[in-house]
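Some notes on the structure that comes next.
Heavy-atom basis, side chains included; hydrogens, waters and symmetry copies ignored. From a predicted model like this one, the values you see are computed outputs, not experimental measurements.
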Amino acid sequence: MWSRGIGLQAVESMFKLEGKPFRIFGGSMHYFRVPRDYWRDRMLKMKACGLNTLTTYVAWNLHEPARGKFDFSGNLDIEAFIKIAADVGLWVIMRPGPYICAEWDLGGLPSWLLRDKNMELRTTYKGFTEATDAFFDKLIPKLARYQYRKGGPIIAVQVENEYGSYAKDPNYLDYVKTALLKRGIVELLMTSDNKDGLSSGSLEGVLATINFQKLEPVLFSYLDTIQSKKPKMVMEYWTGWFDHWGSDHHVFDADMVAKTIQNVLKTGASINLYMFHGGTNFGFMNGALHFQEYKADVTSYDYDAPLTESGDYTSKYFKLRDLFSKFTEEPLPIPPSTMTKGSYGMVEFKQYVSLWDVLQSTEEPFKTVEPVSMENLPVNDGNGQSYGYTLYETVIFGGGQLHSQGHIRDRAQVFVSNQLVGSIDYNNLELNIAEVPGYRKLRFLVENCGRVNYGPKQNTQRKGIIGDVLLRNSPLRNFKIYSLDMKKSFIESLQVAQWNDVPDEPVGPAFFRGTLRVGFIPLDTFLKLEGWEKGAAFVNGQNLGRYWDIGPQGTLYLPGTWLHPGENEIIIFEQYRAGRILQSLDVPLLGKTLYVD
């Protein structure tokens, strides 16, 4: 791997590496979706499956959570990720964005970009390119030093992602290409699009690649019309699919997947499996789609990939290992042993504190005449609020018809004098508030359920209350707004809250505290919140993600590496109806299955 000269070339009908024919057998895995301690295990399993190349996106919104404040530490140490890939013997294709899609909040773009009311994402709009340049100034030098010609494993770099499906600025892709080149990228450049986006997403001097799930006869011939006499590359062959709340869990037939990949390989094309290992949308980082209706993605990104969410083998893995073994000269490595999962039994929740009681110890609310979106709140050093919940509070006289006008994003519980009177979302815009003479406190607990990561609505992803809400046809005014991002520091601050015994019929919004007891060697486990309705779970301050009883997902993945021997604190934020217990299982429950053929 280490005698370096000219790198990966797209020479006529085949790739060449160091002048020798080369085929990319790739697999996608995202460092930000997998605990750092498990990176090597997943890569060894990738290598043992017969793959030779790792592909990963870069999540800008994690690396620059506030403008000018960068984080490449811990689970975001992308250099360590690349080094492990090299050590395992995998080449790397980097997909640094700035936009990545990935079923990730706002396609990986930081929400503070939306503080600019004129923002045009993914264009050469000055506000966007200046922010991208500042991020690339930090990111690209970290990647450039690991390029093939400098002794590293990176053999190719992707220019943006599926831009042909967006295509709002004919100069944008060239801007991204130049931004990469001027910061030292010297390896082969690629674009990536589905069939409908190919013509608008390709770029002179950059290899076009294609994404699909079914191999239609016209796909490769159409690719030839975009660029003739170039090697064929499937950048994303979709091995499965992602799930939305309220839908089913997608499963793609393993034999069908193996057959399609075999047919691709028979053409001489290279291929990347999206995903090889999906991982988890930990925290509040899931994306969403919004075409006819808004659909938020679930916490699990299992994707029905060859490796499960927790890194276990599937029948799909072994069918593909058998297939790829026929295309490699050397015997494949023996697959690493499976990591044991733990079942720690029942956790009882004996303590709780109401959200209303917690408000006293949070930062002072922002006072404003008109409602303000979470992104535009004067919090986080002028960067606004990115994720979580925002509480809007005002005072009303009497009651009447409440109408959101579609200005509540994405979902709100509505309280009058601390009593829940209903919920508002994209489908339910109105609510009747009973007439009572006198003044009462009206509250909206608004959840950002995930920003759209794909499609034309990316510029309109401001969350919270983004415009006037009407009561008796008059706009509500004079708000107190509480930012409830539920970062680790917020959860840790609950230690000093006045916890009480859980009542007989506990309801939210409230925090519930229990203890998970673990043996000497902590193991991965899955938390089943039966009897709970909707909220998020935190273990030792780590946000495992959202749960919702509408499914399909029925358990939350808890990596053993986030546990320690002995007692582990679990805090559940429940919005509606709380259970009294949760169960720790050694198998996941991903929900009712929808088989796709």
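A 4.5 Å side-chain heavy-atom check between L265 and F327 finds at least one atom pair inside the cut-off. Counting only heavy atoms from C-beta outward, the side chains of R321 and L332 approach each other to under 4.5 Å. I571 is listed as a side-chain neighbour of I491, based on a closest heavy-atom distance under 4.5 Å. Within the 4.5 Å cutoff, no side-chain heavy atoms of K319 are placed close to those of D322. W60 is listed as a side-chain neighbour of L109, based on a closest heavy-atom distance under 4.5 Å. Side-chain contact between R122 and K168: absent, with no pair of heavy atoms (C-beta onward) separated by less than 4.5 Å. Proximity of F15 to M233: side-chain heavy atoms (C-beta onward) are separated by under 4.5 Å at one or more points. When side chains are defined from C-beta on, T561 does not count as touching P522, because their heavy atoms never get closer than 4.5 Å.
Just one of V298, N286, D297 meets the side chain to side chain contact (heavy atoms under 4.5 Å, CB included) condition when paired with H244; it is D297.
Two rings, from Y294 and Y426, have their centers less than 6.0 Å apart. Ring centroids of Y148 and W91 are separated by less than 6.0 Å, placing the two rings close together.
A salt bridge between E447 and K463 is absent, with no side-chain N of the basic residue lying under 4.0 Å from a carboxylate O of the acidic one. A salt bridge between D312 and K341 is present, with a side-chain N of the basic residue lying under 4.0 Å from a carboxylate O of the acidic one. Ion pairing between D410 and R451 fails under the 4.0 Å rule for side-chain N and carboxylate O. At a threshold of 4.0 Å, the pair R36-D77 counts as salt-bridged, since one of the basic side-chain nitrogens sits closer than that to a carboxylate oxygen.
Using modelled atom types, one finds a donor on one side chain and an acceptor on the other under 3.5 Å when comparing N568 with N540. Counting only N and O atoms by type, the side chains of E103 and N281 include no donor and acceptor under 3.5 Å apart. Of the N and O atoms on the side chains of Y172 and E160, at least one donor lies less than 3.5 Å from an acceptor on the other residue. Side-chain atoms of S300 and Q553 include no donor-acceptor pair closer than 3.5 Å. Checked by atom type, the side-chain pair S165/Y454 shows a donor-acceptor distance below 3.5 Å. For the residue pair N61 / W104, a side-chain donor-acceptor distance below 3.5 Å is found, with atom types taken as modelled. A donor atom on one side chain and an acceptor atom on the other are found under 3.5 Å apart for Y576 and S423. Residues H249 and D243 bring a donor and an acceptor atom of their side chains to less than 3.5 Å of each other.
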Fill in: Check against ring-ring contact (aromatic ring centres under 6.0 Å, His included), F318 and Y313
CA-CA 8 Å; F318 290 107; Y313 299 113; 5.3 Å; yes

Practice prompt. I would like to know whether F526 and K528 meet side-chain contact (heavy atoms from CB on, under 4.5 Å); could you show each step before the answer?
Written response: CA-CA 6 Å; F526 304 90; K528 182 183 180 185; over 6 Å; no

Worksheet entry | Worked verdict on Y389 versus N448 for side-chain hydrogen bond (donor to acceptor under 3.5 Å, both in side chains) | CA-CA 6 Å; Y389 299 80; N448 166 7; over 6 Å; no

Item to complete: Starting from the C-alpha separation in whole Å, work towards a yes-or-no answer on side-chain contact (heavy atoms from CB on, under 4.5 Å) for D302 and T280.
Response: CA-CA 7 Å; D302 178 88; T280 309; over 6 Å; no

Item to complete: Walk me through it: do V92 and F81 pass the test side-chain contact (heavy atoms from CB on, under 4.5 Å)?
Response: CA-CA 10 Å; V92 175; F81 187 74; over 6 Å; no

Worksheet item: Step by step, would you call D224 with K230 a salt bridge (Lys or Arg N to Asp or Glu O under 4.0 Å)?
Response: CA-CA 8 Å; D224 271 332; K230 292 292 183 183; over 6 Å; no

Worksheet item: What do the steps show when you test V157 against L143 for side-chain contact (heavy atoms from CB on, under 4.5 Å), and what is the final call?
Response: CA-CA 10 Å; V157 177; L143 305 181; over 6 Å; no

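Scanning all heavy atoms of the two residues, the minimum distance from A536 to N543 falls at CB-OD1, 4.3 Å. T328 and G50 make their closest contact through CG2-O, 4.2 Å (heavy atoms, listed as atom of the first residue, atom of the second, distance). Looking at every heavy atom in both residues, C449 comes nearest to R411 through SG-CB, 4.0 Å. Scanning all heavy atoms of the two residues, the minimum distance from L307 to Y317 falls at CD2-CD1, 4.0 Å. Of all heavy-atom pairs between P110 and E64, the closest is CB-O, 4.0 Å. The two residues V264 and V234 come nearest to each other via the heavy atoms CG1-CG2, 4.0 Å.
Between the side chain of Q458 and the backbone N or O of G455, at least one donor-acceptor pair lies under 3.5 Å. Side chain of T525 to backbone of L585: a donor-acceptor contact under 3.5 angstrom is found. In terms of modelled atom types and a separation under 3.5 Å, the side chain of S343 and the main chain of S584 share a donor-acceptor contact. Between the side chain of N453 and the backbone N or O of D105, no donor-acceptor pair lies under 3.5 Å. Checked by atom type and distance alone, the side chain of T593 never pairs as donor or acceptor with a backbone atom of Y595 at under 3.5 Å. A donor-acceptor pair is defined here as one N or O able to donate and one able to accept, closer than 3.5 Å; such a pair exists between the side chain of D524 and the backbone of G560. Judged purely by atom type and a 3.5 angstrom limit, W532 uses its side chain to pair as donor or acceptor with the backbone of I581. Between the side chain of T555 and the backbone N or O of L589, at least one donor-acceptor pair lies under 3.5 Å. Checking side-chain atoms of Q227 against main-chain N and O of A208 turns up a donor-acceptor pair under 3.5 Å. Formation of a donor-acceptor pair under 3.5 Å by the R42 side chain with backbone atoms of H277 is not found in this model.
Using cut-offs of 30° and 60° for the angle between ring planes, the Y301 and Y303 rings count as tilted. Between Y31 and H63, the ring-plane angle classifies as tilted under the 30° and 60° cut-offs.
Taking CG from L203 and CG from L207, the interatomic distance works out to 11.5 Å, rounded to the nearest 0.5 Å. The distance from atom CG of L273 to atom CG of L320, rounded to the nearest 0.5 Å, is 6.0 Å.
By the 6.0 Å contact criterion, CZ on F291 is enclosed, its count of non-hydrogen atoms from other residues, nucleotides or ligands being greater than 12. The environment of CD in E79 is crowded: more than 12 heavy-atom neighbours from other residues, nucleotides or ligands sit within 6.0 Å. Counting non-hydrogen atoms of other residues, nucleotides and ligands closer than 6.0 Å to NZ of K534 gives a total above 12.
For K142 and F72, the positive end sits near the middle of the six-membered ring, less than 6.0 Å away and at most 45° from its axis. Both cation-pi conditions hold for K195 and Y222: the charged atom is under 6.0 angstrom from the six-membered ring centre and inside a 45 degree cone around its axis.
Counting only residues at least two apart or in different chains, side-chain hydrogen bond (donor to acceptor under 3.5 Å, both in side chains) contacts with residues 45-58 comprise S28-T55, D41-K45, T55-N272, Y57-R95, Y57-N161, Y57-E236.
Partners of E533 by salt bridge (charged side-chain N to carboxylate O under 4.0 Å, His left out), not counting sequence neighbours, listed by chain and number: R577.
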